[in-house]
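Following: one structure in structure tokens, then a few remarks.
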Amino acid sequence: MVADLARARTLGILAVKLLDHGTPDDFAAVFHPLALNHAGPYVPPDCRARGPSAIHATSVWLRASFTALDWVIHRLVADEHGVAVHAAMSGTHSHDLVLYGADGRPRQTVPASGATFTVLHTYWFRLADGLIIERTVDRGELGSAPEDPPVRRGRVRLGAR
């Protein structure tokens, strides 16, 4: 039981920390081949698939818009079935952020602002076969993005740090 809890905690930390630099192989070591990625309705289509590649695609999407990404873990709770990680994501909005509609097509572009930001997230990971099989995220500002936003161009202030 102790080894299982230590592994669950390690998986939770890695699943968050790999978002700023992880490779496809890194994600394959943490996420089950059939993992569900509940990344939100505004992510690119490749983030909506199953498996480690979908979570890696989510990290690539984030890295395309934000630089100096970092996650500080504030709280982690684990049992043999899952892990919850409360963390602050910070970075700089260096490039345009493209938000997608339910149909998988670009719907809104948030122009790069150059602003630094910190957004609180709570990650929920369900475990199976010693890996993460389901990933869900409760987000700060991005979590309130409309499901099918109109296309517009304008500056959006991301919670300045």
Side-chain angles (χ1 to χ4, degrees), residues 10-33 35-76 83-125 131-161:
T10 299
L11 288 171
I13 291 167
L14 287 172
V16 172
K17 291 290 199 170
L18 287 175
L19 290 170
D20 71 348
H21 70 278
T23 66
D25 288 341
D26 294 332
F27 285 90
V30 173
F31 289 92
H32 192 280
L36 290 168
N37 184 29
H38 301 288
Y42 45 79
V43 298
D46 54 346
C47 301
R48 302 174 192 187
R50 282 186 172 261
S53 62
I55 296 95
H56 180 256
T58 302
S59 77
V60 169
W61 175 68
L62 289 170
R63 294 180 219 174
S65 298
F66 307 114
T67 55
L69 281 173
D70 188 32
W71 279 260
V72 175
I73 295 174
H74 294 292
R75 185 160 178 113
L76 183 143
V83 183
V85 180
H86 185 66
M89 173 183 144
S90 61
T92 302
H93 183 202
S94 302
H95 307 283
D96 291 353
L97 172 64
V98 179
L99 302 176
Y100 293 77
D103 61 1
R105 295 186 322 198
R107 289 286 185 229
Q108 181 179 1
T109 299
V110 181
S113 66
T116 57
F117 67 90
T118 297
V119 179
L120 292 175
H121 292 170
T122 301
Y123 297 86
W124 303 91
F125 302 111
L131 295 169
I132 295 172
I133 194 155
E134 188 169 9
R135 173 187 184 270
T136 304
V137 185
D138 295 331
R139 293 178 178 80
E141 282 102 34
L142 283 181
S144 62
E147 184 169 329
D148 198 12
V151 177
R152 64 184 170 132
R153 290 213 171 264
R155 296 267 179 214
V156 173
R157 180 182 160 93
L158 297 174
R161 217 183 335 174

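In this text the structure is predicted, and so the values were computed from the model without any measurement. In this chain, numbering begins with 1 at the start of the sequence shown. Basis for what follows: all heavy atoms, side chains included, without hydrogens, waters or symmetry-related copies.
No side-chain heavy atom of His121 sits under 4.5 Å from any side-chain heavy atom of Val16. Using a 4.5 Å heavy-atom cutoff, the side chains of Asn37 and Cys47 are in contact. Taking the side chain as every heavy atom from C-beta outward, Trp71 and Leu19 approach each other to under 4.5 Å. Under the 4.5 Å side-chain criterion, counting only non-hydrogen atoms from C-beta, Ile13 is not in contact with Val85.
Looking at every heavy atom in both residues, Ala15 comes nearest to Phe125 through CB-CZ, 3.5 Å. Of all heavy-atom pairs between Pro33 and Pro52, the closest is CA-CD, 3.9 Å. Nearest heavy atoms, Gly104 versus Pro45: O-CG, 3.4 Å.
Looking at Asp96, its side chain does come within 3.5 Å of a backbone N or O of Ala112 through a donor-acceptor pair. Judged by distance alone, the side chain of Asp20 and the main-chain N or O of Asp70 form no donor-acceptor pair under 3.5 Å. Arg48 contributes no side-chain N or O that, together with a main-chain N or O of Ala39, makes up a donor-acceptor pair within less than 3.5 Å. A donor-acceptor pair under 3.5 Å links the side-chain atoms of Trp61 to the main chain of Val98, judged by distance alone. A donor-acceptor pair under 3.5 Å is absent between the side-chain atoms of His38 and the main chain of Gly40, judged by distance alone.
Interatomic distance, Ile132 CD1 to His32 NE2, rounded to the nearest 0.5 Å: 12.0 Å. Taking CZ of Phe31 as the start and CD1 of Ile133 as the end, the distance is 11.5 Å to the nearest 0.5 Å. Distance CG/Leu62 to CG/Leu97: 8.5 Å, rounded to 0.5 Å. Note that CZ of Arg107 and OH of Tyr100 are 12.0 Å apart. Values are rounded to the nearest 0.5 Å. Arg75 contributes atom CZ, which lies 11.0 Å from atom OG1 of Thr122 (distance to the nearest 0.5 angstrom). To the nearest 0.5 Å, the span separating CH2 on Trp124 from OG1 on Thr136 amounts to 9.5 Å.
Between His56 and Phe27, the ring planes are perpendicular. Angles over 60° get that label, and only those under 30° would be called parallel. Classified by interplanar angle (parallel below 30°, tilted 30° to 60°, perpendicular above 60°), the ring pair His74/His86 is tilted.
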